[in-house]
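We name chains A, B, ... by the order of the sequence lines, and we start the count at 1 in each one.
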Protein chains: 2
Amino acid sequence: MYTLTEENYLKAIYKLSVHTGNVSTNQIAALLATKASSVTDMLRKLADKLLINYTRYQGVSLTQTGEKVAVNIIRRHRLWEYFLVEKLNFKWDEVHDMAEEMEHISSTELIDRLDEFMGFPARDPHGDPIPDCNGNFKINDLKPVSAIPVHSGGIISGVRDHSSAFLQYLEKQELTIGKKITVKEIISYDNAVVLQMGNKNLHISRDVANNLLIAL
Amino acid sequence: MYTLTEENYLKAIYKLSVHTGNVSTNQIAALLATKASSVTDMLRKLADKLLINYTRYQGVSLTQTGEKVAVNIIRRHRLWEYFLVEKLNFKWDEVHDMAEEMEHISSTELIDRLDEFMGFPARDPHGDPIPDCNGNFKINDLKPVSAIPVHSGGIISGVRDHSSAFLQYLEKQELTIGKKITVKEIISYDNAVVLQMGNKNLHISRDVANNLLIAL
DNA sequence: TAAGTTTTTTAGACTTGTCTAAAAATACAA
DNA sequence: TTGTATTTTTAGACAAGTCTAAAAAACTTA
Ligand SMILES: [Mn+2]
Ligand SMILES: [Mn+2]
Ligand SMILES: [Mn+2]
Ligand SMILES: [Mn+2]
């Protein structure tokens with residue numbers, strides 16, 4: 001239906017427009033590691049196909065059709081990531097690049113059966129919600145560790161940074177999805193955070209605290 | 001490593017060279033539903049990359065590297081077909097087109113783990129052998145029903161025609177992989193074949209008999 | 001508001017893979 | 001062996017997606 005490239009642009013625009021309103025040419029170029037001029041060319045094409053709302057120099061947003069396509073790509077990506085971790089025993093830091101390829105396999109029937117095969121999982125290995133076959137999903141209402149007060153805590157439920165380096169670090173510290181943590185202290189000098197997990201105390205930097213998401 | 005198009009050409013050349021020696025430009029064009037001139041262009045490219053032996057007007061054969069790549073694509077294709085049938089409950093006539101896309105997912109680690117996950121299956125849903133991770137597999141030594149003498153028989157073990165229409169016909173007649181059949185009679189008028197399967201007798205046309213493969 | 005800076009778009013070129021039409025090589029047959 | 005038919009290759013063009021360089025628009029900021 002849509003080319004691999006079109007799908008990647010739609011997904012990029014979707015991701016960028018979750019937090020902001022209109023998305024700029026340069027933002028898309030940065031995310032896709034391409035040049036602004038290439039983006040402009042593609043934007044014209046996507047606008048012609050009624051997948052985005054685009055007026056020159058004004059930035060873009062997805063149309064309803066465009067958003068449906070984007071959510072579907074994300075559904076495919078996250079289901080494959082779940083498959084790779086739960087069925088093929090990959091680690092959570094190993095699956096993103098494979099899923100980047102697999103998300104373009106086009107059969108809807110295939111993805112729906114994969115979903116069923118795995119028992120309709122609600123979240124991918126990184127805690128992100130998996131849209132159902134109608135594109136519906138609950139947006140995660142999570143807070144970074146850095147934003148919760150001392151003496152309170154919650155369950156580790158997601159990450160903001162999806163890089164291998166970060167995921168591997170968390171794995172090593174056993175700061176994985178589902179673990180319960182409490183903020184014991186915030187070091188005023190560098191805003192590092194001291195966590196309690198079980199009967200252990202754990203130091204994490206401000207940077208890590210910003211990228212580790214908690215359900216209260 | 002190789003583009004989707006290159007992979008498809010290599011697979012086509014491999015399939016065509018199993019039965020003949022050198023493969024002609026027109027044969028490849030027919031199999032890939034493209035034009036001879038496009039094939040010539042690609043042949044030059046594949047020869048530059050040392051994947052095929054090619055002299056103009058002389059036809060082509062795969063180099064050792066080319067054959068390794070081709071066998072690997074076939075491994076991927078057949079493992080995904082097995083997955084679709086055994087894990088996602090697709091029928092054997094529904095999986096080819098999906099596997100055509102999935103065979104291009106590049107990760108070797110992924111395919112090896114998929115293989116392990118499914119218990120290292122020896123054959124795909126159509127009875128074709130699945131190469132192992134080193135590219136080794138036994139070539140099926142099967143005979144079409146039309147080539148075996150009256151009163152002998154064997155186990156249905158493969159098909160020559162992989163079309164949906166043929167596979168669906170076989171399914172309906174319960175002429176599926178693993179069933180034991182005996183040739184009861186050959187009608188001299190049109191060479192149709194009467195089979196015995198269990199306690200039932202079954203008429204099949206010459207055409208069907210040519211495309212249904214038996215292990216003796 | 002008038003520069004100056006940044007962002008975005010246009011212009012023109014390149015790559016991959018495709019096509020049609022025409023030329024060259026090969027195969028076949030009288 | 002000579003002429004015809006077939007196969008294969010070349011020549012030139014096109015679409016998708018990308019790039020660099022330059023122009024145009026929008027934003028800053030004094
Ligand atoms: Mn991912
Ligand atoms: Mn994920
Ligand atoms: Mn197949
Ligand atoms: Mn098969």
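- If you take CG of Asn8(B) and C1' of dT18(C), they are 14 Å apart, rounded to a whole angstrom.
- Atoms CD1 (Ile28(B)) and C1' (dT8(D)) sit 12 Å apart, rounded to a whole Å.
- Residues Asn191(A) and Ile186(A) meet the side-chain proximity criterion, which asks for heavy atoms closer than 4.5 Å.
- Considering Asp132(A), Asp112(A), Asp124(A) as possible partners of Arg75(A), the one that fulfils the side-chain hydrogen bond (donor to acceptor under 3.5 Å, both in side chains) test is Asp112(A).
- Ring-centre distance between His162(A) and His126(A): below the 6.0 Å cut-off.
- Distances shown here put a side-chain N or O of Tyr9(B) below 4.0 Å from the OP1 or OP2 atom of dT18(C).
- Distance CG (Asn22(B)) to C1' (dT26(C)): 15 Å, rounded to an integer number of Å.
- Map Glu6(A) and Thr55(B) each onto its nearest nucleotide of DNA chain D; the residue landing nearer the 5' end is Thr55(B).
- Within the nucleic acid shown, Thr25(A) comes within 4.0 Å of sugar-phosphate atoms alone, with no base atom in reach, counting heavy atoms only.
- For the pair Glu7(A) and Lys11(A), the salt-bridge criterion is not met [side-chain N within less than 4.0 Å of a carboxylate O].
- Residue Met42(A) contributes atom CE, which lies 17 Å from atom P of dT8(C) at whole-angstrom precision.
- Tyr54(B) places its OH atom 12 Å from the C1' atom of dA25(C), with the value rounded to the nearest Å.
- Residues Gln58(B) and Ser38(A) each lie close to DNA chain D; by heavy-atom proximity, the contact nearer the 5' end of the strand is made by Gln58(B).
- The CG-C1' distance, from Asp41(A) to dA15(D), rounds to 13 Å in whole Å.
- Dashed line: the shortest gap from a side-chain N or O of Thr34(B) to OP1 or OP2 of dC19(C) is under 4.0 Å.
- Between dT10(C) and Thr40(A), no contact under 4.0 Å exists linking OP1 or OP2 to a side-chain N or O.
- Atom CD in Gln27(A) sits roughly 8 Å away from atom P in dT8(C) (whole-Å rounding).
- Asn26(B) has a side-chain polar atom (N or O) that falls below the 4.0 Å cut-off from OP1 or OP2 of dT8(D).
- In this entry the distance linking CZ of Arg44(B) with P of dT8(D) reads 15 Å, nearest Å.
- The shortest side-chain heavy-atom distance between Leu212(B) and Ile181(B) does not fall under the 4.5 Å cut-off.
- Side-chain contact annotation: Arg206(A) with Asn210(A), donor-acceptor N/O pair under 3.5 Å absent.
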Give each protein N/O atom lying under 3.5 Å from an N/O atom of nucleotides 21-25 of chain D, with the pair distance.
unit_1: dA25(D); atom_1: O4'; unit_2: Tyr57(A); atom_2: OH; d: 3.4

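- Checking Asp161(B) against Ser163(B) by side-chain atom types alone, a donor-acceptor pair falls below 3.5 Å.
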